[in-house]
Protein chains: 2
Amino acid sequence: MPYSSDHKQQSREKILDSALYLFTRHGYDSITIDQLMKHAGLTRGAFYAHFANKSEVYAEAILAALQRRPEMMPADDNLNDKDWLKQLFFNYLSHEHVNEKSSACPLAFLATDVANRDPAARDAYTEVYKQLSRLIGDKLMPHADHRSAFAITAMMIGGVALCRALSETKTSEQVLDSCRQTALRLLEESGTNP
Amino acid sequence: MPYSSDHKQQSREKILDSALYLFTRHGYDSITIDQLMKHAGLTRGAFYAHFANKSEVYAEAILAALQRRPEMMPADDNLNDKDWLKQLFFNYLSHEHVNEKSSACPLAFLATDVANRDPAARDAYTEVYKQLSRLIGDKLMPHADHRSAFAITAMMIGGVALCRALSETKTSEQVLDSCRQTALRLLEESGTNP
DNA sequence: GTCTATAGAAAGATAGAC
DNA sequence: GTCTATCTTTCTATAGAC
């Protein structure tokens with residue numbers, strides 16, 4: 001065995017990193033296996049030593065997002081839950097996110113892309129979404145109804161997906177601004193609505 | 001000229017109807033010109049008498065949505081603005097919409113699909129979005145800040161796009177329910193927040 | 001495990017008959 | 001204007017050398 005099992009694992013991780021990066025930004029159909037492998041520093045043929053086909057690496061890449069640490073997530077250390085959420089809302093509903101300056105959330109970037117894929121991809125997407133909504137729901141708990149986490153995440157995902165599709169910066173600004181304000185309002189006012 | 005100009009116009013409309021139907025449900029890349037023309041009752045070759053290429057018909061199809069009457073829109077007649085909005089929220093944030101039983105909104109179904117297309121498609125999408133947000137904003141005006149229309153539309157679009165991607169019916173139910181409740185809440189409580 | 005080379009299929013776009 | 005036939009490109013997936 002001229003290549004160690006560790007080396008194979010490293011290649012696999014490199015491919016998954018590239019897949020998450022490229023698929024999230026350009027969608028499933030726009031990325032070829034050739035592009036993917038070149039981005040990972042390998043060639044086309046090596047791909048099939050790691051994955052059975054293109055749709056498999058797509059689903060795996062979405063799941064891999066759970067292992068990576070998104071820059072948008074505030075560092076847990078000194079923030080209370082409310083401030084942590086505020087920070088997340090601002091990071092997520094930002095131009096930096098829409099324009100992919102920071103890491104790009106597959107939930108927002110692949111929402112309609114995943115809907116047209118196979119069950120494995122949708123399962124992976126569902127798993128990532130459940131983790132995000134649970135995280136937000138838990139931090140929301142003392143302040144708001146746990147269930148409003150679903151509406152807030154839908155607004156976050158929808159706001160970013162929408163702005164990425166829009167061609168007018170001005171409208172995009174208005175959408176992000178309105179979503180940020182409304183997210184804060186839902187957080188602040190939730191105590192008054194038991 | 002063996003074919004009247006009216007006949008050509010009719011063919012064009014048939015193609016646009018099919019394009020709106022198919023692209024919205026399956027995305028740009030999944031639909032071939034062959035499928036599109038068969039759905040419209042014509043053959044591949046005839047396509048290029050109407051459109052220069054595939055990306056052109058995609059943008060035109062999105063714009064065509066403005067001419068069609070979506071079943072989700074409540075009939076204007078007897079409803080006041082607030083009830084009209086409530087009705088729209090329930091129609092839009094429904095399983096019938098997610099599962100394409102009624103007409104499918106391209107804003108929700110194509111959000112991330114359009115982001116990967118050319119400027120013409122994004123311009124068309126932007127135009128449709130501006131019309132929806134203006135309509136909702138105007139009806140919201142007496143009750144709420146005009147600008148909260150952007151957050152509400154983002155939640156509607158995000159909620160439907162999200163549910164279409166999810167593979168768990170239960171989670172999907174929770175998302176739609178939470179979005180409906182929150183949309184109503186934003187409508188009801190808006191008066192208290194000048 | 002990774003490489004180059006290639007088979008095989010799919011789909012966008014064009015040509016020419018009617 | 002619409003049809004059938006075809007050119008051409010692109011891309012997934014496989015084969016075989018190292």
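All chains are named by letter (A, B, ...) in the order of the sequence lines, taking the proteins before the strands, and each is independently numbered beginning at 1. What you see is a predicted model; the values in this text were computed from it and never measured.
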Let me know the distance between CE of A:M37 and P of D:dC11, rounded to the nearest Å.
16 Å

Mind calculating the distance between CD (B:E56) and P (C:dG12) to the nearest angstrom?
15 Å

Can the ring centroids of A:F51 and A:F47 be said to lie less than 6.0 angstrom from one another?
yes

Rounded to the nearest Å, what distance is computed from the NZ atom of residue A:K38 to the P atom of nucleotide D:dC11?
10 Å

Does B:R44 make a side-chain donor-acceptor contact with the base of D:dT2, cut-off 3.5 Å?
no

Taking B:R180 first and then B:D177, would you say they form a salt bridge - that is, a charged N and a carboxylate O separated by under 4.0 Å?
yes

Spacing of B:H7 atom NE2 relative to D:dC3 atom C1', expressed in whole Å:
13 Å

Please give, in whole Å, the distance from C:dA13 P to B:L36 CG?
12 Å

Any side-chain to backbone donor/acceptor pair from A:K8 onto A:A49? Under 3.5 Å, distance only.
yes

Any Lys/Arg nitrogen of B:K38 or B:D34 sitting under 4.0 Å from an Asp/Glu carboxylate oxygen of the other?
yes

Classify the nucleic acid contact of B:T32 as base, sugar-phosphate or nothing, counting any heavy atom under 4.0 Å across all strands shown.
sugar-phosphate

Taking atom P of D:dT4 as reference, at what distance in whole Å does atom CG of B:L42 sit?
11 Å

Please classify the nucleic acid contact of A:I31 as base, sugar-phosphate, or nothing, using heavy-atom distances under 4.0 Å.
sugar-phosphate

For atom CG of A:D34 and atom C1' of C:dC3, their distance in whole Å
13 Å

Please state how far atom NZ in A:K54 lies from atom P in C:dA10, giving the value in whole angstrom units.
15 Å

Which nucleotide wins on minimum distance to the side chain of A:S11, given the candidates D:dT12, C:dG1, D:dG1?
C:dG1

Looking at CD1 of A:I62 and CG of A:D113, how far apart are the two atoms once the value is rounded to the nearest 0.5 Å?
8.0 Å

Side chain of A:A49: nearest nucleotide among D:dG1, C:dT2, D:dC3?
C:dT2

N or O in side chain of A:T43 less than 4.0 angstrom from C:dT2 OP1/OP2
no

Proximity to the side chain of B:N53 - top-ranked nucleotide from C:dG1, D:dT2, C:dA13:
C:dA13

Walking DNA chain D from its 5' end, the first of A:Y48 and A:S30 to be reached, judged by nearest nucleotide, is A:S30

